[in-house]
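Below you'll find the structure, written out as structure tokens, and then a few comments.
When a ligand or atom number is given, it counts from 1 through the structure's own listing order.
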Amino acid sequence: MLSLNSISGSSVIDMEDTQTLPSKAFPYNEELTHKPSEPVRSQLFQVELYRFCLYLLTLFRVISRLPLQLRLCVPFRNKNPALPRRVYGTDVLRRFHDLTADLEAGPAFIALPSFSPEDTEPTSSCHKASDSAGLHTEHQMKSYNSPLCTILVGDSGVGKTSLLVQFDQGKFIPGLFSSTVGIGFTPSDKDMSLRWAVCQQGAPTQPHILLMPRSGSASAPLIKKVFVIVLIPEMEQGVRSSSPPPASSPVGVRPCDPFHLWQMSQSDPPQLHDAPLCSAKAEKCFRLLVITALLTAGGRRAAASAHCRSSFSIVRLRVFNTVQRVWRSAQPGTDRSLTPCASSLPWTHLGGLKAAAAPALLGSAMSMRKASLTDKQAKNGTSKYVLERCASINEYYDIAFKVMLLGDSAVGKTCVLVRFKDGAFLGGNFIATVGIDFRNKVVDVDNLKVKLQIWDTAGQERFRSVTHAYYRDAQALLLLYDITNKPSFDNIRAWLTEIHEYAQKDVVIMLLGNKSDTAAERVVKTEDGEKLAKEYGVPFMETSAKTGVNVELAFLAIAKELKHRATQQPNEPKFQIHDYIDSQKHKSGCCSLG
Ligand SMILES: Nc1nc2c(ncn2[C@@H]2O[C@H](COP(=O)(O)OP(=O)(O)OP(=O)(O)O)[C@@H](O)[C@H]2O)c(=O)[nH]1
């Protein structure tokens with residue numbers, strides 16, 4: 001029997017009589033037989049393929065409507081080693097949230113009364129607290145590898161660096177005191193991530209460092225997310241005199257403006273009475289404090305968004321690049337050379353060697369170090385030793401001057417400095433200077449050894465508050481523009497206004513049009529530079545950090561001018577810097593000036 005029913009244009013066959021079905025006449029029903037023929041299989045395959053394509057298209061449409069971040073998060077997180085992958089799946093994020101639930105965003109502040117190295121061991125409760133939580137937390141932080149920045153602030157000699165080294169390396173080196181120069185950081189672990197920073201000489205004398213978090217822009221989250229640990233010598237007295245000394249209490253971390261809080265703490269010490277007891281000898285105690293602070297204040301924000309984490313990574317990378325750049329420019333065999341391993345970094349050399357190693361990252365700074373020796377140090381017998389060390393480590397010089405490089409970002413300030421100092425050109429990718437840096441070079445001027453301490457400033461607007469603070473004691477300013485960048489030339493007037501506002505009245509100024517090797521891309525004529533310089537009565541020349549043209553001449557002219565000013569006898573004729581430059585121009589290549 002054969003019955004045919006038409007359903008939606010296709011035919012359904014009664015299974016009872018399939019054998020009698022003429023296969024060619026009803027090809028679509030052949031699927032009901034056990035072995036479909038080749039053409040049917042091919043058609044079925046095409047239908048399936050079509051449906052699969054439709055499915056893919058729909059999926060694509062849905063995915064394309066999702067936010068980019070969501071679309072990329074999985075591969076991004078898996079492929080980017082900078083992101084803290086290992087955090088996921090642990091209880092660290094939960095811990096962050098628990099700890100930070102009631103905190104507002106903002107820099108954290110911890111007040112620590114400082115103890116000198118001669119102090120007694122910390123109370124046992126310190127050890128206990130750290131043993132129970134500190135080491136465990138430290139492990140978690142390491143795996144999180146947070147690039148959050150901590151700044152230790154306090155008067156010179158209160159023990160900031162000792163605490164830092166104790167925290168970072170787990171050791172305390174007693175004895176010789178050597179003041180930190182400028183601001184330093186310890187790139188911790190072999191991946192050189194920036195983790196900690198130390199502020200020199202206390203907050204009141206270096207307020208600009210504390211201002212950095214306020215002036216930072218969105219592209220400097222590292223600076224913004226700063227943790228200021230203030231070490232207050234006055235508090236030390238209070239804590240020591242109380243008997244028995246207070247045991248360590250929970251860390252008081254409050255979101256606040258660090259600069260404001262510093263002032264508050266000066267005027268109102270009792271509010272800090274709960275500050276925890278801390279000593280550079282108390283390794284674990286300090287670790288606990290810092291880690292808790294990081295977890296408490298930074299955790300929520302760090303854990304909150306992928307964007308935040310990637311921003312941190314970018315900034316960390318930039319700092320890493322800066323460190324690498326200094327390595328690159330350091331010549332082997334000098335005290336500036338460093339190898340990228342933790343053991344050779346500045347903080348491993350305490351007690352006098354710190355500043356000697358620091359030049360690799362911050363520039364050599366013996367003159368500052370000498371100046372920073374206080375009566376207190378002289379009394380405790382360290383000054384003589386330190387001075388002897390300075391003489392042996394440092395190149396001898398008769399007179400020292402501070403010179404600053406100014407100008408818009410990317411005009412070539414760092415390259416000019418590196419060319420002068422090392423005779424090398426920093427090509428490749430541009431890495432903007434963060435904050436301020438300096439290098440020293442001793443030059444011979446009329447049989448006198450003149451040391452130029454050259455400060456390389458960040459041209460970016462957001463670092464202005466930092467650089468302003470350095471203008472005041474600069475004896476010379478080299479103001480650069482880029483001959484291939486018209487706005488950098490147009491901004492020179494604004495720079496000169498700023499200089500007149502912040503610098504000394506008699507500061508020596510020189511205008512430099514850099515990148516003179518790039519003739520094809522020139523947009524600022526030499527005559528325009530000359531005209532502007534004439535208008536302001538400052539010497540001018542075009543330089544090239546790439547070829548070295550006029551670089552040494554610029555610094556030497558400055559050194560000569562400053563030396564003559566400093567040593568000029570009443571009847572001696574005045575040194576004419578303009579004439580000197582005119583006579584020497586075009587003679588100097590990279591290192592040819594005698
Ligand atoms: N061709 C050429 N390129 C130069 C010269 N000087 C610097 N550059 C390049 O210009 C870019 C910026 O140089 P930097 O020295 O880092 O600029 P900077 O003024 O220090 O910038 P900030 O640190 O942001 O203030 C880099 O890519 C350099 O390689 C030069 O004389 N000639």
Have a look at [options] and point out the one with the heavy atom closest to [atom].
atom: atom 10 (O) of ligand 1; options: K413, K546, K515, R419; value: K515
atom: atom 14 (P) of ligand 1; options: A458, G412, S516, S488; value: G412
atom: atom 21 (O) of ligand 1; options: A410, G407, A545; value: A410

Closer than 4.0 Å to some heavy atom of [X] - which atoms of ligand 1 meet that?
X: N514; value: 5 (C), 6 (N), 31 (O)
X: S544; value: 31 (O)
X: D517; value: 1 (N), 2 (C), 30 (C), 31 (O), 32 (N)
X: T457; value: 25 (O)
X: G459; value: 22 (P), 25 (O)
X: T518; value: 1 (N)

Polar contacts were defined as any N/O atom of the residue lying under 3.5 Å from an N/O atom of the ligand; does this apply to T543 and ligand 1?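 It does not: no N or O of T543 is found under 3.5 Å from an N or O of ligand 1.
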V538: which of L477, L479, I509, I499 passes side chain to side chain contact (heavy atoms under 4.5 Å, CB included):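 Of the listed options, the one satisfying the test is I509.
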Step by step, work out the side-chain contact (heavy atoms from CB on, under 4.5 Å) result for D408 and F489. CA-CA 9 Å; D408 279 7; F489 178 70; over 6 Å; no
Quick one: does [X]'s side chain have a donor or acceptor within less than 3.5 Å of a partner on [Y]'s backbone?
X: S488; Y: D482; result: yes
X: K421; Y: N440; result: yes
X: R522; Y: N485; result: no

Measure the spacing between OH of Y481 and CD of E542 and express it to the nearest 0.5 Å.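 If I round to the nearest 0.5 Å, the distance is 5.0 Å.
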Side chains of N550 and T543, donor plus acceptor under 3.5 Å: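 No, because no side-chain N or O of N550 sits under 3.5 Å from a partner of the opposite role on T543.
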